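A quick note: this is a predicted structure, and the numbers were derived from the prediction, not measured.
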Amino acid sequence: MRLKVLVSGLLILLTASCAAKQSTSFMLGQKLMLDMRFYCADGTPAQTCKTPVTTLLPEFAGIIRQGNIGGVILFAENLADTRQIVELNYAIQQLAKEAGLPPLFIAIDQEGGRVARLPDEVATRFVGNMAIGATYPRHHTAFAEKVNQGIAKGVRLLGFNVNFAPTVDVNVNPENPVINVRSYGEDPTMVAELGSAAVAALQSENILSALKHFPGHGDTHTDSHTGLPRVEHDLATIESVDLKPFTHAISQASPPAMIMTAHIQYPLLDDTRFTALDGQPTLVPATLSHKILTGLLRQKMGYEGIIVTDALDMAGIAHYVDHKNAVIRTFNAGADIALMPYAVRNPQSINAFWELYAQWENALVSGEIDPDMTKASVARIIAAKADFALDEFTRQSLPERVAAASKALPVKANQETEQALAEAALTQVYNHDVLPLAGSRYVLVMPDDARCEAMVGALGRLQAQLELNCLALTAITADTPFPSLSNADALIVADITPQHSLAEMGGMADLSVWRNKPDKATQSLWLYNLLSESHKSQVPGVFVALRAPYNIARYRDVADAAIATFGYNVTVTPAAGGESQQARGAVFDALARGLLGQTAMPGKSPVTIE
């Protein structure tokens, strides 16, 4: 079957190449995946442009048409509501059809949990991968299958055909700033099984799955959005831990259509050095490594699908290689698609893009970019587009597509699965005879106002006559006085670690917001002292880890019980008709039931907490 698809892809490639003005331009364009996140027609500097693109602007239409562009990735800023999303994706594919181009890959990062781009009122976010890992002992791969099939159904209705998911990095490092709860856990066998189940579920709904981040991002202290991480594992650990989920997935009946590279150094896989932009000799990252992408992934591991880079505007690449050479080097390393090779944000950056495009095209003509690898690469791309029937979205009219999506979204079954996952993942780490909670007067500390609202609402719906006082951590400073515990029957403290990363916020455009985040050390010390005060006062204190559970160890000697939820998502419904806004989340409904003893807490942490 795959051979037939490849032959079909080659025929499509030949036909399209003849139709294109220049075959080199066609091949180059098909290997580029651009973002359209922001655009400022008034010339606002690219670094400060924050005007979202929610329609297919003529500027981007021109780039797609003239550049024979093969794919785009959309972010949260591009996505407002069901109708707008369908109209945008339909316009992109209709443009390709009218231009005589193959349909485009339209990609999204809809992992679930920390990283989800679609509005919650459009598509269910779900709790996230580590929550799925917590259900594995009882439910095996059931939630990986249900969640990813649900995600796939939602994104397909909206016109997406690629999901950059699942994350199969084995999170063996508690200090990992960018993966943590995006991972299923620390056991490579479990991660491999859950990841392969997720791939099969996504692709059963005709969504190309992109397994990430090869060769493994689970043991790093650095976020590749802001730096270049390095993994110092020995070869035995690399094979048995980091590579195992990828090896397992490749061997399945439904292997991943795509695998995404990591901007990460692996000295024992490739110790080659190059001269970086700062003039320093630098160990080559996997994204630019021929030994890793071609020698290991293609030849040794036998992967036949599409290799896509992680975003090339991330610091793990952009601080070391210029735009021109990043694309040339990754193509020669074996990558099929360069993701976000240059950010188009204003008219000036359009000119700069075309200058780069000409340089990449010249590199193809001159042979600086390997011609044989390029032809094989484009054949893979075209074959995948045929295999997954990317032209299917425009076979129906736009009104039909809008009506179908509007009727089906949000999918009720997905909301039910989200609640079931939240309850199945809820994990009681320890309990010194204080759970279920007694009494009716509780002092709460939550990460922010929305989580306060969600927790207060969840408890209030379960038990009448509760007296609940909630303080948001966002208001905490070193001098903030403790809430009074004199009449409290229990103290419930919930926290998030790590804080928001650039990945869940959307990427490099949010760097300034990320740098201005609240001081975590101050918050943690304040929480520790508050729990110490409750312990001295013999007021039962419960600590809840709302994301990564590692921080439970910090509070073990002052908290009487600890619970892990592995997620903290809430949906905020805006105020209307004189009513106040409401925040609600499956995790908080499950947590409230667990605290009051109305449901078991059957989960098992998939990572070691102490």
Taking ring pair (Phe, Tyr, Trp, His ring centres under 6.0 Å) as the cut-off, I'd like each qualifying pair that reaches into residues 41-68, sequence neighbours left out, listed once. Y39-F60

Checking the side chain of [X] only, and the main-chain atoms of [Y] only, is there a donor and an acceptor separated by less than 3.5 Å?
{"X": "K324", "Y": "Q359", "answer": "no"}
{"X": "T309", "Y": "A311", "answer": "no"}
{"X": "T237", "Y": "H233", "answer": "no"}
{"X": "Y303", "Y": "P255", "answer": "no"}
{"X": "D169", "Y": "N171", "answer": "no"}
{"X": "Q93", "Y": "L104", "answer": "yes"}
{"X": "N89", "Y": "L158", "answer": "yes"}

Are D35 and R345 close enough, and set up right, to give a salt bridge (charged side-chain N to carboxylate O under 4.0 Å, His left out), and what steps lead you there? CA-CA 10 Å; D35 78 291; R345 296 289 182 263; 2.8 Å; yes

Contacts of [X] that satisfy salt bridge (charged side-chain N to carboxylate O under 4.0 Å, His left out) - sequence neighbours left out:
{"X": "E355", "answer": "none"}
{"X": "D336", "answer": "R298, R380"}
{"X": "D322", "answer": "none"}
{"X": "D242", "answer": "none"}

So which heavy atom on [X] is nearest to which on [Y], and how close?
{"X": "H248", "Y": "A192", "result": "CD2-O, 3.4 Å"}
{"X": "N346", "Y": "C40", "result": "CB-O, 3.4 Å"}
{"X": "L56", "Y": "L88", "result": "N-CD1, 3.6 Å"}
{"X": "V327", "Y": "P341", "result": "CG2-CB, 3.6 Å"}
{"X": "V191", "Y": "P245", "result": "CG1-CG, 3.8 Å"}

Can you label the angle between the F353 ring and the Y357 ring as parallel, tilted or perpendicular, going by 30° and 60°? tilted

Looking at residues at least two apart in the chain, or sitting in another chain, which of them share a side chain to side chain contact (heavy atoms under 4.5 Å, CB included) with [X]?
{"X": "Q203", "value": "V199, S209, S254, A257, F388"}
{"X": "A107", "value": "M33, I73, V162, F164"}
{"X": "D270", "value": "T272, V284, S289, K291, I292"}
{"X": "A276", "value": "F274, D278, T282, Y320"}

I'd like to know whether S25 forms a side-chain hydrogen bond (donor to acceptor under 3.5 Å, both in side chains) with N68, so could you lay out the CA-CA distance, the side-chain angles of the two residues, the decisive distance to 0.1 Å, and finally the verdict. CA-CA 7 Å; S25 174; N68 301 289; 2.8 Å; yes

Assess the residue pair K31 and S377 against the criterion (side-chain hydrogen bond (donor to acceptor under 3.5 Å, both in side chains)); give the C-alpha distance rounded to whole Å, side-chain angles, the decisive distance to 0.1 Å, and a yes or no. CA-CA 8 Å; K31 287 170 64 64; S377 177; 2.8 Å; yes

Flag the pair L277 / H319 as yes when at least one side-chain heavy-atom distance between them is below 4.5 Å, and no otherwise. no

Any pair counted as salt bridge (charged side-chain N to carboxylate O under 4.0 Å, His left out), so long as it reaches residues 193-213, sequence neighbours left out: D109-K212, E111-K212, R156-E205

Report yes or no: is the cationic atom of R401 (NZ for Lys, CZ for Arg) closer than 6.0 Å to the six-membered ring centre of Y90, at no more than 45° off its axis? no

Residues passing the side chain to side chain donor-acceptor pair (under 3.5 Å) test with R65, sequence neighbours excluded, are none

Y342: which residues meet the ring-ring contact (aromatic ring centres under 6.0 Å, His included) condition with it, sequence neighbours left out? H323

